[in-house]
**Q** 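Please see the structure below; I have some questions.
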Amino acid sequence: MKTEPHAAPTATNFNSAKEIEGNLKTRMDKALSDLQHEMASIRTGRASLGILENIRVDYYGTPTPLNQVANLHVPEPAMITITPWDTSQIGPIEKAIRISDLGLNPANDGKMIRLPIPPLTEERRKDLVKKLHGAAEHHRVSVRNIRRDGNEAVKKLLKDKKIAEDEEKRAHDEIQKLTDGYMGKIDGAVKSKEKEILEIR
């Protein structure tokens with residue numbers, strides 16, 4: 001789990017409520033796309049290259065992303081094929097997949113690795129849903145922290161007399177609206193991913 005990646009800019013950078021809102025939107029977008037990226041690596045019962053996203057292969061002593069040492073394909077819904085550019089890498093690639101927490105069993109024919117995606121057990125589905133909700137909560141906290149930064153920046157504008165009180169109130173309302181919108185997007189993304197995990201094929 002990553003730490004809060006959306007570092008707060010100092011409030012002094014802003015001269016208007018619009019600037020603050022723009023900054024918050026950018027940071028909330030980043031929180032949402034981080035979550036979507038993290039969700040792609042959570043395995044469901046169907047083959048998806050996203051689940052191999054975090055696999056690093058020991059490529060001559062350097063941990064290298066799998067897609068930088070091999071061609072990856074999904075020839076059928078429950079199968080991924082991995083064709084290394086250099087066949088001497090078959091062993092390290094297989095090892096990287098076996099030691100990952102994906103629970104997959106690669107098989108190779110000397111040229112290519114076949115990775116069957118078995119249906120998820122009931123228990124594995126529950127674990128994955130738990131992992132999904134943990135990731136979602138982490139990103140909800142990020143969004144709430146971003147909202148807090150925005151509200152503090154707005155208060156500072158008022159204190160520095162850069163905005164009037166009615167504008168301060170409007171800015172707080174806008175920030176809340178923005179936050180609600182992103183919370184809704186997170187909930188929606190999580191719901192559809194959960195459905196995918198629980199789907200019995």
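As the structure is a prediction and not an experimental result, all values here were calculated from the model. All values below come from the heavy atoms of this structure, side chains included, with hydrogens, waters and symmetry mates left out.
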**Q** So, Glu137 and Arg144, do they make that salt bridge, N to O below 4.0 Å?
**A** yes
**Q** Should Met112 and Ile80 be regarded as members of a common hydrophobic cluster, given that ILVMFWY residues are connected when their side-chain heavy atoms come within less than 4.5 Å of each other, either directly or indirectly?
**A** no
**Q** As a test of understanding, state which of Lys177, Arg170, Arg147 forms a salt bridge (charged side-chain N to carboxylate O under 4.0 Å, His left out) with Glu21.
**A** Arg170
**Q** Which value, rounded to the nearest 0.5 Å, describes the distance between Arg43 atom CZ and Ser100 atom OG?
**A** 9.5 Å
**Q** Roughly how far apart are Lys126 NZ and Leu198 CG, rounded to 0.5 Å?
**A** 10.0 Å
**Q** Val74 and Leu120: same hydrophobic cluster, using ILVMFWY side-chain contacts below 4.5 Å?
**A** no
**Q** Is the closest side-chain heavy-atom distance between Tyr182 and Asp29 below 4.5 Å?
**A** yes
**Q** Take Val143 and Met183 through the side chain to side chain contact (heavy atoms under 4.5 Å, CB included) test and state the conclusion after the steps.
**A** CA-CA 8 Å; Val143 169; Met183 287 298 190; 4.1 Å; yes
**Q** If you compare all heavy atoms of Ala96 against all heavy atoms of Arg56, which two are closest, and at what distance to 0.1 Å?
**A** CB-O, 3.4 Å
**Q** Under a 4.5 Å cut-off applied to non-hydrogen side-chain atoms, are Ile51 and Leu104 in contact?
**A** yes
**Q** Do Leu157 and Glu168 come close enough that some side-chain heavy atom pair is under 4.5 Å?
**A** no
**Q** Using the salt bridge (charged side-chain N to carboxylate O under 4.0 Å, His left out) rule, take Asp173 and Lys169 through it: C-alpha gap first, then chi angles, then the decisive distance, then the call.
**A** CA-CA 6 Å; Asp173 290 346; Lys169 183 181 179 330; 3.2 Å; yes
**Q** Does atom CZ of Arg98 have more than 12 heavy-atom neighbours from other groups under 6.0 Å away?
**A** yes
**Q** Kindly indicate, with the supporting measurements, whether the criterion side chain to side chain donor-acceptor pair (under 3.5 Å) is fulfilled by Thr83 and Asn71.
**A** CA-CA 5 Å; Thr83 313; Asn71 279 324; 5.9 Å; no
**Q** Please tell me whether Asn151 and His172 have a donor and an acceptor in their side chains that are separated by less than 3.5 angstrom.
**A** yes
**Q** Within the distance-only criterion (no hydrogens, no angle test), does the side chain of Asp160 pair as donor or acceptor with the backbone N or O of Lys162 below 3.5 angstrom?
**A** no
**Q** Counting C-beta onward and ignoring hydrogens, is there a side-chain heavy-atom pair between Ile55 and Asn67 closer than 4.5 Å?
**A** no
**Q** Between the side chains of Arg27 and Asp149, is the shortest nitrogen-to-carboxylate-oxygen separation below 4.0 Å, so that they form an ion pair?
**A** yes
**Q** Under a 4.5 Å side-chain heavy-atom rule over Ile, Leu, Val, Met, Phe, Trp and Tyr, are Leu49 and Ile93 clustered together?
**A** yes
**Q** Could you give me the CA-CA distance, side-chain angles and deciding distance for Thr44 and Glu199, then say whether side chain to side chain contact (heavy atoms under 4.5 Å, CB included) is met?
**A** CA-CA 8 Å; Thr44 62; Glu199 188 181 13; over 6 Å; no
**Q** If we ignore hydrogens and angles and just use 3.5 Å, is the side chain of Thr26 paired with the main-chain N or O of Gly22 as donor and acceptor?
**A** yes
**Q** Any chain of hydrophobic side-chain contacts (each under 4.5 Å) joining Met39 to Leu52?
**A** no
**Q** If you look at every heavy atom in Val190 and Ala136, which pair is closest and at what distance?
**A** CG2-CB, 3.4 Å
**Q** Which is it for Leu128 and Glu194 under the side chain to side chain contact (heavy atoms under 4.5 Å, CB included) test, yes or no, and what are the steps along the way?
**A** CA-CA 9 Å; Leu128 291 172; Glu194 183 172 340; over 6 Å; no
**Q** Ignoring hydrogens and geometry, is there a side-chain-to-backbone donor-acceptor pair from Thr62 to Thr64 under 3.5 Å?
**A** no
**Q** Could you pull out the closest heavy-atom pair between Ala70 and Pro84, with the gap in Å?
**A** CB-CA, 3.6 Å
**Q** Would you check if Glu94 and Ile113 make a side-chain contact, meaning some heavy-atom pair closer than 4.5 Å?
**A** yes
**Q** What is the distance from atom CZ of Arg114 to atom CD of Glu76, rounded to the nearest 0.5 Å?
**A** 9.0 Å
**Q** What's the separation between atom CD1 in Ile197 and atom CZ in Arg125, rounded to the nearest 0.5 Å?
**A** 9.5 Å
**Q** Taking atom types as modelled, find out whether Tyr59 and Asp86 have a side-chain donor-acceptor pair closer than 3.5 angstrom.
**A** no
**Q** For a 4.5 angstrom cut-off between non-hydrogen side-chain atoms, does Met28 reach Thr179?
**A** yes
**Q** Atom NZ of Lys185 and atom NE2 of His139: how far apart are they, to the nearest 0.5 Å?
**A** 15.0 Å
**Q** Does a donor on one side chain sit under 3.5 Å from an acceptor on the other, for Asn23 and Glu19?
**A** no
**Q** With side chains defined as the heavy atoms from C-beta onward, is the minimum distance between Lys193 and Glu196 less than 4.5 Å?
**A** yes
**Q** Side-chain heavy atoms nearer than 4.5 Å, only ILVMFWY residues, links allowed to pass through others: does that put Leu178 and Phe14 together?
**A** yes
**Q** Any side-chain donor paired with an acceptor under 3.5 Å for Glu38 and His138?
**A** no
**Q** For the atom pair CG (Leu24) and CD1 (Ile175), what is the distance rounded to the nearest 0.5 Å?
**A** 5.0 Å
**Q** Just wondering, do Lys131 and Ile42 contact through their side chains at under 4.5 Å, heavy atoms?
**A** yes
**Q** Please step through side chain to side chain contact (heavy atoms under 4.5 Å, CB included) for the pair Leu158 and Glu165, ending with a clear verdict.
**A** CA-CA 7 Å; Leu158 180 70; Glu165 272 179 31; 3.9 Å; yes
**Q** Indicate the atoms forming the closest heavy-atom contact of Thr81 with Pro75, along with that distance.
**A** CG2-CG, 3.7 Å
**Q** Provide the closest heavy-atom pair for Lys111 versus Thr87 in the form atom of the first, atom of the second, distance.
**A** CA-CG2, 4.3 Å
